[in-house]
*Asks:* 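Before anything else, here's the structure in question.
So you know, we letter chains A, B, ... as the sequences are listed, proteins then strands, and number each from 1.
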Amino acid sequence: MKEEMKDEQLERAIKDLPSSSPRDSTWDAIEDHLEGEGPNIRKQKWYPFVAAMIVVLMVSGLMLYVRSTKLDMDIQFSEEISLEAEYPVIGFLVDDAFDELLDNECDELSALCEADDFQQLVVQLAELRTEASEMMLLINQAGYDEYLMKAKSRIENENAKVKREIMTLLRG
Amino acid sequence: MKHIEEKRLIKKCIRKDRLAQRVLYEQYKTAMFSTAYRITNDWDLANDVLQNGFIKVFENLHQYKGNGALGGWIKTIVVRAALKEIKGLQMYVEVDDKIAGDIYFDDNLTGELLAKIMATLPDKCRVVFNLIEVEGYKQKEVSVMLNIQLGTVKSQLHYAKKLLKRKLNQRGYERGNER
């Protein structure tokens with residue numbers, strides 16, 4: 001079969017073919033791929049990546065440290081650990097006075113206390129107390145640890161914040 | 001002047017100047033995407049092809065020696081990327097031997113209509129038709145690109161035109177293929 005003769009009408013229609021545009025995000029995807037290859041003259045985008053790596057390493061290091069400390073404990077100490085160490089475990093964050101106040105207020109404002117948002121706060125408070133007790137146990141086992149102490153502070157702050165929110169609701 | 005500017009742009013792209021790379025991409029993206037879309041017949045796939053194609057362009061731009069237009073060099077990469085996405089290009093298609101002579105189209109054939117009809121063609125003959133009639137590759141080149149016999153390329157092209165003609169006739173265009 002010999003090569004077919006050119007068709008003028010077809011050629012004209014081909015020249016007239018509509019063009020299409022890609023989606024805007026295609027360049028972003030190309031750029032992301034190129035960013036992974038090497039240094040970029042225009043801008044440095046490695047900061048988030050490095051920051052993420054540092055966080056991952058820190059968390060991994062902490063987990064390893066906690067685990068290894070626990071293992072050491074299991075090996076080194078054969079006697080029962082006294083729970084009356086530096087930090088009280090049971091009852092940490094428990095506030096009897098606050099609980100009594102809550103009971104009294106809820107006797108009078110039962111509808112308010114049965115509302116979903118109030119109940120959520122009460123549950124949150126209970127969870128924080130449980131978390132606090134576990135944290136104290138850990139601190140007592142681990143000994144002084146800056147990270148754990150910061151975590152303890154976080155729980156205390158959170159506990160105070162929830163109590164304030166409860167009081168705000170009760171006071172209207 | 002344009003040639004010098006292009007050379008400068010290419011050098012910056014090779015040095016991974018992201019702004020220069022963006023400029024190059026913006027310059028060619030519409031043409032290349034249109035090519036990819038006509039070959040793949042799938043908008044999402046065409047975007048993937050464009051993405052992969054340009055990544056290859058930037059990774060291999062240092063190999064471009066300047067013999068031949070940059071646009072042609074880029075198009076070859078994009079076309080190859082598009083062809084990789086088409087499955088079943090090795091299918092055998094029989095040609096109706098009763099067709100005699102060349103196939104011609106009437107003057108009511110517009111670009112828009114042609115694009116619509118082309119999209120309905122089977123993959124293989126659509127690709128062949130695109131590469132030869134639209135993108136301007138020689139039949140021999142297409143034979144190498146698709147790794148098929150030259151005779152098959154000719155058959156596929158003939159089949160594509162026959163189908164196009166038939167579909168146009170079904171749309172109400174009446175003109176025989178005799179001249």
Side-chain angles (χ1 to χ4, degrees), chain A residues 1-65 146-147 150-151 154, chain B residues 12 15-22 25-26 29-38 43-44 46-55 57-59 95 101-116 118 130 133-136 138-139 151 154-155 157-158 161 164 175 179:
Chain A
M1 188 192 303
K2 58 182 177 183
E3 194 155 343
E4 296 176 6
M5 288 172 57
K6 288 289 178 190
D7 184 320
E8 283 177 12
Q9 310 303 342
L10 181 60
E11 275 192 29
R12 192 181 42 79
I14 284 169
K15 281 192 179 115
D16 198 33
L17 278 170
S19 57
S20 311
S21 292
R23 63 170 79 99
D24 293 337
S25 58
T26 298
W27 168 254
D28 295 334
I30 293 169
E31 193 174 29
D32 285 345
H33 182 96
L34 295 174
E35 291 293 331
E37 282 183 348
N40 181 354
I41 292 172
R42 292 285 164 184
K43 47 187 174 173
Q44 300 289 340
K45 277 192 177 175
W46 50 268
Y47 295 112
F49 176 72
V50 170
M53 284 301 296
I54 290 173
V55 168
V56 166
L57 284 170
M58 278 177 64
V59 170
S60 306
L62 173 69
M63 283 171 68
L64 280 170
Y65 172 77
E146 197 176 328
Y147 179 83
K150 280 182 182 168
R154 180 191 60 79
Chain B
K12 284 185 174 181
R15 286 196 344 252
K16 299 186 197 300
D17 184 323
R18 205 63 79 226
L19 185 59
Q21 288 173 334
R22 179 73 189 262
Y25 170 78
E26 291 294 331
K29 73 174 185 188
T30 302
M32 295 304 125
F33 182 78
S34 300
T35 295
Y37 183 47
R38 281 192 288 266
W43 197 76
D44 288 323
N47 274 286
D48 292 342
V49 164
L50 189 73
Q51 180 185 321
N52 294 335
F54 265 93
I55 287 170
V57 163
F58 292 127
E59 285 175 350
V95 176
D102 299 330
I103 298 171
Y104 295 99
F105 298 87
D106 63 33
D107 51 14
N108 283 326
L109 179 63
T110 62
E112 196 180 328
L113 182 57
L114 179 61
K116 278 191 184 139
M118 267 166 51
N130 250 309
E133 296 293 346
V134 180
E135 303 302 335
K138 302 240 178 338
Q139 291 183 4
K154 293 175 192 277
S155 301
L157 182 63
H158 184 87
K161 288 186 175 181
L164 281 171
R175 182 183 158 176
R179 269 200 181 168

*Asks:* Can you tell if the side chain of Leu34(A) reaches within under 4.5 Å of the side chain of Lys16(B), non-hydrogen atoms only?
*Replies:* no
*Asks:* At a heavy-atom separation under 4.5 Å, does Ala115(B) approach chain A through its side chain, its backbone, both, or neither?
*Replies:* both
*Asks:* Could you grab the distance from atom CD1 of Ile55(B) to atom CG of Asp32(A), nearest 0.5 Å is fine?
*Replies:* 9.5 Å
*Asks:* At a heavy-atom distance under 4.5 Å, which candidate from Glu26(B), Gln51(B), Lys29(B) has the highest pair count against chain A?
*Replies:* Gln51(B)
*Asks:* Does Arg38(B) form a side chain to side chain contact (heavy atoms under 4.5 Å, CB included) with Leu17(A)? I'd like the steps, not just the answer.
*Replies:* CA-CA 10 Å; Arg38(B) 281 192 288 266; Leu17(A) 278 170; 4.0 Å; yes
*Asks:* Name the region of Gln21(B), side chain, backbone, both or neither, that has any atom closer than 4.5 Å to a heavy atom of chain A.
*Replies:* both
*Asks:* Whether Arg23(A) and Asp44(B) form a salt bridge (side-chain N of Lys/Arg under 4.0 Å from carboxylate O of Asp/Glu) is what I want to check.
*Replies:* yes
*Asks:* Would you call the rings of Trp27(A) and Tyr25(B) parallel, tilted or perpendicular if under 30° counts as parallel and over 60° as perpendicular?
*Replies:* tilted
*Asks:* What's the spacing between Lys161(B) NZ and Asp7(A) CG if we round to 0.5 Å?
*Replies:* 7.0 Å
*Asks:* Using a strict threshold of under 4.0 Å (side-chain N to carboxylate O), is an ion pair present between Arg22(B) and Glu31(A)?
*Replies:* no
*Asks:* If we define contacts as heavy-atom pairs under 4.5 Å, which of Asn47(B), Leu114(B), Leu164(B), Asn52(B) has the most with chain A?
*Replies:* Asn47(B)
*Asks:* Which atom names give the shortest non-hydrogen contact between Ile14(A) and Val134(B), and what distance separates them?
*Replies:* CG2-CA, 3.9 Å
*Asks:* Does Ser34(B) reach the main-chain N or O of Ser20(A) with its side chain, forming a donor-acceptor pair under 3.5 Å?
*Replies:* yes
*Asks:* Does Asp48(B) have any side-chain hydrogen bond (donor to acceptor under 3.5 Å, both in side chains) partners at least two apart in sequence or in another chain, and if so, which?
*Replies:* none
*Asks:* Among the options Pro22(A), Pro18(A), Ser19(A), Ala13(A), pick out the one with the most heavy-atom pairs lying under 4.5 Å from chain B.
*Replies:* Pro22(A)
*Asks:* Looking only at heavy atoms, what is the nearest atom pair of Ser21(A) and Trp43(B), with distance?
*Replies:* O-NE1, 3.6 Å
*Asks:* With a 4.5 Å heavy-atom cut-off, do Phe58(B) and Ile30(A) have their side chains touching?
*Replies:* yes
